[in-house]
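Throughout, numbering of the chain's residues begins at 1 and tracks the sequence. The figures here come from the full heavy-atom set of this structure, side chains too, leaving out hydrogens, waters and symmetry mates. Being a predicted model, the structure only gives us computed values, none of them experimental.
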Amino acid sequence: MSRASRAPFPPDRRGVASFPGTGAAYRGTGAARPGATGRAVTRTLSDDPLGGTVRRTVLPSGLRVLTEAIPTMRSVSFGIWVAVGSRDETGPQAGAAHFLEHLLFKGTNKRGALEISSSIEAVGGETNAFTTKEYTCYYARVLDEDLPLAIDVMCDLVADSVLAPADVETERGVILEEIAMHDDEPGDEVHDLFARAVYGDHPLGRLISGTEETVTPMSRRLIQSFYRRRYVAPQIVIAAAGNLDHAAVIRLVRQALRGTPLDSDPAAPAPHRSSASTVRTKPATTVVEAKETEQAHVILGCPGIDRLDERRFALGVLNNVLGGGMSSRLFQEIREQRGLAYSVYSYASQYADSGLFAVYAGCAPGKVDEVLDLTRAELSRVAAEGITENELARGKGMSKGSFVLGLEDTGSRMSRLAKGELLYGDLMPVDELLARVDAVTLDDVNSLAAELLSRPMSLAVVGPFGAGDFVAS
């Protein structure tokens with residue numbers, strides 16, 4: 001199915017990841033964190049004036065179900081989120097999570113691949129999936145009246161896929177084509193090159209899809225073992241948003257999972273991924289992928305902060321000011337005033353125990369040096385002088401507006417529920433999140449800028465260059 005970079009729910013590279021959790025201890029949910037209760041436990045998490053009523057149920061197996069009831073909508077987005085991504089793979093398993101994502105749509109003990117897709121499409125719905133470095137999501141969007149069908153189909157394919165040998169071989173070919181296609185898209189490839197420059201051989205530096213060298217020999221037995229060891233109830237969050245009834249969703253989920261491997265013995269939900277240790281990054285370096293492209297693609301950046309860092313709200317503001325939109329410093333300087341690049345933006349990626357901050361630009365090969373000089377100069381200027389009060393206000397407005405406007409559809413609301421639970425162990429109310437952004441001060445942003453933007457920067461380049469064409473700065 002879709003790659004992480006093309007998925008509808010993960011944050012756009014040009015912005016900062018969303019902030020659904022506070023990073024505080026789990027609060028007010030009735031969750032049986034220390035141990036399983038042997039019975040389902042349901043609590044109302046919020047009755048948000050900007051949204052609907054959010055409820056959470058922990059099933060005896062440790063599987064969690066969160067819903068947001070929005071009676072004014074006539075659709076529902078239903079997702080099954082698994083706390084397993086490419087960073088959970090060993091070297092020989094590289095690409096297994098993504099391979100498995102493809103295979104689960106190929107057939108179960110109840111349905112073949114055509115029935116899985118046609119049953120949802122017959123009612124005008126859609127299904128898809130995506131794999132990231134820390135989780136995998138399978139989702140469907142349907143009319144509210146077709147939610148029972150979506151629940152039955154999606155639970156079936158996640159819980160009870162057969163992984164037929166013939167399907168493994170078919171999807172192997174599809175994935176190898178996907179890897180080749182990715183290699184033909186330098187604008188995407190440069191992001192992977194930059195991650196590898198920063199993280200090296202650490203799983204966060206690997207391709208989500210794996211490589212030809214790892215996917216070609218990957219056996220069905222390895223994928224099956226990965227599936228059954230990783231896709232367990234305590235690691236799974238089900239989220240749904242739209243015109244729904246929470247009790248009905250719980251009933252339908254339990255019915256769909258009855259008798260499957262996810263209908264397991266009592267257990268406590270798995271805690272969110274730990275940030276106790278820090279990922280070791282490589283010293284700043286320059287990496288070049290030589291390709292005869294019409295445009296050069298460059299990324300200049302450094303290790304950032306993890307997603308539970310309290311400075312993430314200040315980072316969101318800083319990112320907006322530097323390269324988060326058409327009014328940003330980098331866009332104005334490099335594109336609007338000088339016409340050196342069509343696309344230029346900054347972005348932050350945040351993981352449980354690490355993060356990245358970077359600037360991307362796509363420009364004519366002959367303009368790369370000038371673009372990099374201007375970028376370095378602007379980053380140094382902000383590190384030394386900070387931003388202005390007007391920029392602070394604009395950056396905060398962009399953060400708040402993009403978050404609230406992003407909640408206009410059931411898919412983004414469903415995603416917010418799942419990410420809050422899976423990544424943070426908490427769901428921050430909308431008003432609280434907006435208040436946290438409002439609370440960011442000029443000192444907060446400038447202090448972070450002075451630290452972050454003074455770090456040694458790695459450079460990744462895809463274009464018609466050699467390794468010696470760039471001098472470390």
Go through the steps for T211 and E213 under the test side-chain hydrogen bond (donor to acceptor under 3.5 Å, both in side chains), then give the verdict. CA-CA 5 Å; T211 65; E213 291 72 26; 3.3 Å; yes

Are D192 and H182 close enough that a side-chain donor and a side-chain acceptor fall under 3.5 Å? yes

Worked verdict on T136 versus E101 for side-chain hydrogen bond (donor to acceptor under 3.5 Å, both in side chains): CA-CA 8 Å; T136 308; E101 174 218 309; over 6 Å; no

Output yes when a side-chain donor or acceptor of S225 lies under 3.5 Å from a complementary backbone atom of L222, and no otherwise. no

Strictly distance-based, threshold 3.5 Å: is any side-chain N or O of E89 a donor or acceptor partner for the main-chain N or O of G95? yes

Minimal non-hydrogen separation, F105 against A129, with atom names: CE1-CB, 3.6 Å

Donor-acceptor contact below 3.5 Å, side chain D88 vs main chain G85: yes

What heavy-atom pair brings R254 and A40 nearest, and what distance separates the two atoms? NH1-CB, 3.7 Å

Identify the two heavy atoms, one from L315 and one from F357, that lie closest to each other, and give their separation to 0.1 Å. CD1-CD1, 4.0 Å

Do D265 and S61 come close enough that some side-chain heavy atom pair is under 4.5 Å? no

Considering non-hydrogen atoms only, spot the tightest contact between M218 and R172 and give its length. O-NH1, 2.7 Å

Please tell me if the side chains of L63 and V65 come closer than 4.5 Å, counting only heavy atoms from C-beta onward. yes

For the backbone of G210 and the side chain of T214, can you confirm whether one donor and one acceptor N or O come within less than 3.5 Å of each other? no

Under the side-chain hydrogen bond (donor to acceptor under 3.5 Å, both in side chains) rule, what do Y360 and H297 come out as? Steps first, then yes or no, please. CA-CA 7 Å; Y360 164 86; H297 301 268; 2.7 Å; yes

Does G411 offer a backbone N or O that forms a donor-acceptor pair with the side chain of S77 under 3.5 Å? yes

Non-hydrogen side-chain atoms of L163 and D167 separated by less than 4.5 Å: no

Could you report the tightest heavy-atom contact between K282 and R196, atom names first, then the distance? CD-O, 4.1 Å

Is S161 reaching over with its side chain to a backbone N or O of L157, donor-acceptor style, under 3.5 angstrom? no

Pairwise side-chain contact, T67 with V54, heavy-atom cut-off 4.5 Å (strictly under): no

In a check of side-chain hydrogen bond (donor to acceptor under 3.5 Å, both in side chains) between R74 and each of D144, T410, N243, which one passes? D144

Do you see a donor-acceptor pair shorter than 3.5 Å between the side chains of S86 and H98? no

For H191 and Y345, take the angle between the two ring planes, folded into 0 to 90°, and tell me which bin it lands in: parallel under 30, tilted 30 to 60, perpendicular over 60. parallel

Please answer whether the main-chain N or O of L149 pairs with a side-chain N or O of D146 as donor and acceptor at a distance below 3.5 Å. no

Is a donor from one side chain sitting under 3.5 angstrom from an acceptor on the other, for T278 and D353? no

Are F403 and V437 side-chain neighbours, meaning at least one heavy-atom pair lies under 4.5 Å? no

Between the main-chain N or O of G52 and the side-chain N or O of E68, is there a donor-acceptor pair closer than 3.5 Å? yes

Indicate yes or no for a side-chain donor-acceptor contact from K291 to the backbone of D183 under 3.5 Å, with no hydrogens or angles considered. yes

Exceeds 12 heavy-atom contacts within 6.0 angstrom, atom CD of E126: yes

Distance alone, cut at 3.5 Å: any donor-acceptor contact between the side chains of E421 and H272? no

Would the distance check show the side chain of R413 and the main-chain N or O of A69 forming a donor-acceptor pair, the cut-off being under 3.5 Å? no

Can you see whether R55 engages T44 through a side-chain donor-acceptor pair at a distance of less than 3.5 angstrom? yes

Checking salt bridge (Lys or Arg N to Asp or Glu O under 4.0 Å) for the pair D160/R111: CA distance, chi angles, key distance, verdict? CA-CA 10 Å; D160 205 24; R111 296 176 173 89; over 6 Å; no

Do you see a donor-acceptor pair shorter than 3.5 Å between the side chains of Y199 and S354? yes

